[in-house]
Amino acid sequence: MRDRRTKDDKGESNVSKLIIQGAGPLKGRVRVSGAKNSVLPIIAASLLADGRSVIEEVPYLNDVKIMCELVDSLGASTEFSDDRTRLEISSRSLLNTTAPYELVNRMRASFLIAGPLLARCGHVKISLPGGCAIGSRPVDLHLKGFAALGGSITQGHGYIEISSSGCLKGGKVYLDFPSVGATENTMMAAVLAEGHTIIENAAIEPEVVDLATYLTSMGADIKGAGTDTIKINGVKELHPANHTIIPDRIEAGTFMVAAAITGGDITIENVVPDHLKPVTAKLREAGVEISEELTSVRVRGNRISPVDIKTHPYPGFPTDMQSQITSLLSVACGTSVVIETIFENRFMHVCELKRMGANIKVEGRSAIIEGCSRLTGAKVKATDLRAGAALILAGLCAEGATEILDVEHVDRGYYRIDEKLKSLGAVISRADGD
Ligand code: UD1
């Protein structure tokens, strides 16, 4: 990746501690960046074309940099514009179809290069992703998709190798669960397959639709993205395209909770209000005032009422907002129950929130939260991306100082979150970790 760094590089390096003073209501306007979960598959999809694609509204995140390193290692080349919101990807000649452990291990979404490589080169060898902080996260459904297209799969020494003799052939695949990654990988493999592919019980997340829009602008023939049945007619080749990434609904949701938890008044710009529906509905139920414009939402915090929440695939309440809402419900006036149905181990933030005075009991996949009037600042650790976001939110409303260690997890998914919060009146600073 050629990356013309500027001096203004704070907030994106390996410094790993945030210090927050709980300081009252946040107020003002904040702009959300492009969606991390859209840009990662879209960078991978660029490998399908022979030429130079241009992606706009790219969030300059650590995960994005890892994906760029990965596609570079395969023979493509990536280059950011000076302001780092525009990414050019040249994928004329791919030289390598092996994705090494060292890169795949750093980010699970690396597995998304499997579909494009298999489709374009007829072969991919990729390190089997391990478990991660939030669960075991298998890839069996991705492999089911590749097998349905005629990919032959072998596994050994920590790697999965998939190959096809000649072109992949269109096929029918039913996903046992509407996995986002498996839907995206199968779709990317199928666009160059010979014939017709049907993906049933497909994920319908906005990021799946954004990927389909990009692939279509590259010349793919895809129908039904955003419904549970996606139909793809394979084409002979794809061409490079320009694409603008949709706004990050999870970053937007996190700022919505920031307004709610501090009793603030924040207008969040560059959003698609429709994508925020489940979060908006639950926050309104909790007593938060939300008004929607075409591309912005204004969120005003009030006294928080308890609510029960169950995570579900889109358009249900997103698992990626579960930790943040748990922080909010910790200061609600009453008892809430949060049930996590997507990942088996996504309550790591609870132990840390308890150190800040939250009263939460986890029983299996449920967290029972007895709201309290005030959290107290403490030294806590971000165990994963959204857990880190939850601790930042808790710190914003806690009494005294909160120190959040291992903040590099947060930098994987939030572009300059400390700068953005500061612009809303938060008292937050960064320092080297202990
Ligand atoms: C994506 C998002 C992540 C989000 C998740 C669920 C990206 C880069 N990441 O992750 O932020 O939390 O969707 O909305 O887009 N599963 C299997 N077998 C598989 C694949 C998945 O059993 O082959 C299971 C997983 O273990 C999990 C569930 O399906 O329990 C959902 O996973 P999935 O939708 O695939 O999530 P990701 O695509 O990994």
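Heads up: numbering here begins at 1 and tracks the sequence. For ligands, and for the atoms within them, numbers begin at 1 and follow the listed sequence.
Relative to atom 19 (C) of ligand 1, the option among Pro138, Ser179, Pro318 with the closest non-hydrogen atom is Pro138. With Asp63, Asp140, Asn37 as candidates, the residue nearest to atom 15 (O) of ligand 1 on a non-hydrogen basis is Asn37.
Comment: Lys17 engages Glu403 in a salt bridge, judged by a side-chain N to carboxylate O separation of less than 4.0 angstrom. Electrostatic pairing of Arg365 and Glu340 does not count as a salt bridge here, judged by no charged N lying under 4.0 Å from a carboxylate O. The pair Asp411-Lys65 fails the salt-bridge criterion, with no side-chain N (NZ, NE, NH1 or NH2) lying under 4.0 Å from an Asp/Glu carboxylate O. Salt bridge status for Lys361 with Glu363: present, with a side-chain N to carboxylate O gap under 4.0 Å.
Residue His142 places a heavy atom under 4.0 Å from ligand 1. Within the 4.0 Å heavy-atom cutoff, Arg346 counts among the residues contacting ligand 1.
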> How far apart are the C-alpha atoms of Arg86 and Glu56, what are their side-chain angles, what is the distance that settles it, and do they pass the salt bridge (charged side-chain N to carboxylate O under 4.0 Å, His left out) test?
Replying inline: CA-CA 5 Å; Arg86 183 171 189 268; Glu56 310 271 359; 3.2 Å; yes
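For ligand 1, the polar-atom distance check against Thr319 finds no nitrogen or oxygen pair separated by under 3.5 Å. Considering backbone and side-chain atoms alike, Phe177 places every N or O at 3.5 Å or more from each N or O of ligand 1. By the 3.5 Å distance cut-off applied to N or O atoms, Glu344 is not counted among the residues near ligand 1. An N or O contact shorter than 3.5 Å is missing between Leu40 and ligand 1 by distance.
In Asp320, the part holding a heavy atom less than 4.0 Å from any atom of ligand 1 is the side chain. Residue contacts with ligand 1, taken as heavy atom pairs separated by less than 4.0 Å, do not involve Ala182 at all. For Ile342, heavy-atom contacts with ligand 1 shorter than 4.0 Å involve the backbone as well as the side chain. With a 4.0 Å heavy-atom cut-off, ligand 1 is reached by the backbone of Leu141 and by its side chain too.
Under the 3.5 Å distance criterion, with hydrogens and angles disregarded, a donor-acceptor pair is assigned to the side chains of Asp210 and His243. For the residue pair Arg386 and Tyr414, a side-chain donor N or O sits within less than 3.5 Å of a side-chain acceptor on the partner.
Of the possible polar contacts, one joining the Asp248 side chain to the Lys36 backbone as a donor-acceptor pair under 3.5 Å is found.
Between Phe111 and Phe146, the ring planes lie tilted relative to each other; the angle falls in the 30° to 60° range.
Annotation for ligand 1: atoms under 4.0 Å from non-hydrogen atoms of Gly181 are 35 (O), 38 (O).
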